[in-house]
Amino acid sequence: MSEPRTSSKKALVIGGGIAGPVTALALHKAGIGAEVFEAYRSSAEGIGGTFGIAPNGLGALAVVGLEAEVGRIGQPVGPMVIEDGKGGVLGEFAGLADLPRQRLMRRAELYEVLRRRLRETGIEVRHGKRLVGAEEGADGITAHFADGSSATGDLLIGCDGTGSAVRTLIDPAAPAARYTGLLGIGGYSAYRLPGRAGRGESVHFANGARAFFGYWGQADGSGTAWFSNIPQPEQLSPEEVRDAGMDEWLRRCRELHADDRPARDVLRQADPATMEAFPRLEIMPSVPHWYRGRMVLVGDSVHAPSNSSGQGASLAVESAVELARCLRDLPDHTAAFAAYEAMRRPRVEKIAADAARTNNQKASGPLARMLFRAVAPIAMKTFMSPEKMLRPVHGYRIDWERRVVPVVPGVPVVRGKRAGRAA
């Protein structure tokens with residue numbers, strides 16, 4: 001690869017969660033300096049629940065040199081088993097043999113890997129820097145923070161989540177994140193699942209009588225990790241959820257899943273001290289403007305699918321790497337941003353739309369749940385086969401060495417390639 005053609009030398013990355021650090025690392029690989037600004041005064045070490053990094057997300061992390069480190073954290077899981085909530089199996093997604101297995105991990109584990117790599121690379125992370133404004137000039141952009149400080153660079157990249165301040169600066173009329181109607185509760189149980197499930201070789205999803213339940217065995221056989229998506233029409237604040245107490249949320253989960261198997265057995269031995277609540281299960285509607293001037297959005301700030309997709313983190317790291325490629329190869333930021341949006345928007349919006357349909361089914365009533373259980377076995381043998389469902393999403397691979405070309409009306413954009421037969 002030849003030297004970067006971009007005129008951009010330094011980016012201000014707003015948001016120090018997952019997308020922000022990956023964006024900074026990808027920019028560094030592309031020859032562009034970066035500095036990360038995080039609104040919270042302290043780091044997020046030890047904070048956050050469990051999520052999955054799918055094969056496509058693992059591929060994007062490998063591009064920035066994190067394949068080995070990420071491969072040492074979390075838990076690889078094999079088949080995704082879809083159940084009826086009564087102990088019966090509706091179908092199984094065995095995964096694709098030519099792709100790596102999804103890894104379930106604590107957010108804190110990936111966060112620590114990223115923070116360590118940022119330190120090794122010499123990329124600064126500044127805490128207590130809540131963005132309140134930005135002033136653009138002919139030669140750069142200056143970010144202003146709530147503590148009265150400021151910073152100047154060539155670009156400002158919003159990796160600041162569903163409540164993005166950068167999104168509002170780009171477009172004051174931009175849509176806000178939309179609540180999914182579900183509240184997430186999860187934790188650990190001493191209950192030991194039988195067979196391969198108990199060894200953590202599969203992850204299970206069951207549409208129960210009144211709520212959706214997911215679970216998997218711990219790799220060391222010590223018990224079961226679980227979560228429940230509880231229908232909650234009115235979104236609660238974090239304070240309201242916290243004030244209710246985990247004993248109360250466990251009681252509600254047990255009540256909702258009283259007729260579901262194995263949920264009721266798992267929850268009977270669940271420990272409220274291990275539980276976490278996630279009141280902000282949100283999805284981003286289509287965002288009209290991904291960029292303006294020297295500002296651009298990455299990750300959940302612009303394309304947060306619902307948690308039902310299993311793709312939130314993976315799509316965020318994909319976009320971080322693809323933006324870096326565009327900035328590396330195109331001579332000005334406007335052309336780079338246009339190519340980036342054209343490359344990413346169709347993919348992320350298709351995945352988000354599919355996840356929204358799943359989310360609606362999770363929040364549906366008993367009659368709709370019964371209908372789903374009736375048609376699922378047929379669907380999973382036809383249009384919901386692993387090859388048809390997983391290949392377009394999990395098989396996406398970023399070709400870092402391929403040079404990005406400017407967007408030309410009527411000419412398809414060169415995107416990441418799919419791995420395997422469907423490539």
Side-chain angles (χ1 to χ4, degrees), residues 49-52 75 77-93 102 104 180-218 223-233 241 244 246-272 274-279 281 306-310 312 355 357-377 380 384:
T50 298
F51 59 73
Q75 174 181 336
V77 292
M80 292 182 287
V81 182
I82 311 300
E83 300 175 346
D84 61 6
K86 301 295 184 182
V89 174
L90 298 174
E92 181 176 302
F93 288 103
Q102 176 180 217
L104 299 176
T180 62
L182 296 167
L183 185 147
I185 301 288
Y188 295 88
S189 167
Y191 180 79
R192 297 189 179 187
L193 300 163
R196 68 177 186 180
R199 298 188 297 272
E201 296 177 12
S202 54
V203 59
H204 300 249
F205 303 103
N207 210 358
R210 291 178 292 276
F212 187 88
F213 193 75
Y215 65 95
W216 59 94
Q218 297 295 279
T224 303
W226 63 272
F227 71 86
S228 178
N229 290 156
I230 299 175
Q232 174 67 39
V241 172
M246 288 304 164
D247 287 312
E248 170 61 15
W249 288 114
L250 180 55
R251 185 196 67 77
R252 295 192 197 185
C253 287
R254 286 170 173 167
E255 183 179 86
L256 287 167
H257 294 290
D259 299 322
D260 300 337
R261 299 189 303 273
R264 66 186 185 187
D265 301 316
V266 172
L267 292 171
R268 190 175 295 126
Q269 297 186 49
D271 180 0
T274 68
M275 289 171 51
E276 295 178 278
F278 304 95
L281 297 184
S306 82
N307 61 303
S308 299
S309 71
R357 286 189 286 271
T358 301
N359 230 62
N360 290 338
Q361 195 274 322
K362 282 184 180 182
S364 61
L367 184 60
R369 292 173 187 277
M370 289 177 61
L371 179 61
F372 171 79
R373 288 194 286 269
V375 303
M380 295 186 70
M384 287 180 65

Legend entry - Flag, side chain of Thr274 to backbone of Tyr188, donor-acceptor distance under 3.5 Å: yes
Inset, instruction - Please report the shortest heavy-atom distance between Asp260 and Gly208, naming the atom on each side. - result: OD2-CA, 3.4 Å
Inset, instruction - Look up atom CG in Leu193 and atom OG1 in Thr224, then write down how far apart they are to the nearest 0.5 Å. - result: 3.5 Å
Inset, instruction - Mind listing the closest non-hydrogen atom pair of Cys253 and Ile230 along with its distance? - result: SG-CD1, 3.8 Å
Inset, instruction - Could you check Glu276 against Trp249 for side chain to side chain contact (heavy atoms under 4.5 Å, CB included), going step by step and ending with a plain yes or no? - result: CA-CA 10 Å; Glu276 295 178 278; Trp249 288 114; over 6 Å; no
Inset, instruction - Indicate yes or no for a side-chain donor-acceptor contact from Arg192 to the backbone of Gly223 under 3.5 Å, with no hydrogens or angles considered. - result: no
Inset, instruction - With sequence neighbours left out, write down each residue that passes side-chain contact (heavy atoms from CB on, under 4.5 Å) with Gln75, or none if nothing qualifies. - result: Val77, Trp216, Gln218, Ala219
Inset, instruction - Find the distance between OG1 (Thr180) and CG (Asn229) and round it off to the nearest 0.5 Å. - result: 7.5 Å
Inset, instruction - Using a strict 4.0 Å threshold on nitrogen-to-oxygen distance, state whether Glu255 and Arg252 make a salt bridge. - result: no
Legend entry - Stepwise side chain to side chain contact (heavy atoms under 4.5 Å, CB included) check, Asp259 with Arg210: CA-CA 9 Å; Asp259 299 322; Arg210 291 178 292 276; 3.5 Å; yes
Legend entry - Straight-line distance of Leu250 CG to Ser228 OG, nearest 0.5 Å: 10.5 Å
Legend entry - Side-chain heavy atoms of Glu83 within contact of Pro262, under 4.5 Å: yes
Legend entry - Distance-minimising heavy-atom pair for Leu104 and Gly52: CD2-CA, 3.8 Å
Legend entry - Beyond-backbone contact of Arg264 with Tyr191, side-chain heavy atoms, under 4.5 angstrom: no
Legend entry - Donor-acceptor contact present, side-chain Asp271 to main-chain Ala190, <3.5 Å: no
Legend entry - Heavy-atom closest pair, residues Leu281 and Leu183: CD1-C, 3.8 Å
Legend entry - Chi angles and distances behind the side chain to side chain contact (heavy atoms under 4.5 Å, CB included) call for Phe213, Leu256: CA-CA 10 Å; Phe213 193 75; Leu256 287 167; over 6 Å; no
Inset, instruction - Please report the C-alpha distance between Tyr215 and Ser189 in whole Å, then the side-chain angles of each, then the deciding distance to 0.1 Å, and finally whether the side chain to side chain contact (heavy atoms under 4.5 Å, CB included) criterion is met. - result: CA-CA 10 Å; Tyr215 65 95; Ser189 167; over 6 Å; no
Legend entry - Value rounded to 0.5 Å, distance of CZ in Phe212 from NE2 in His257: 9.5 Å
Legend entry - Nearest heavy-atom neighbours spanning Pro272 and Asp247: CG-OD1, 3.3 Å
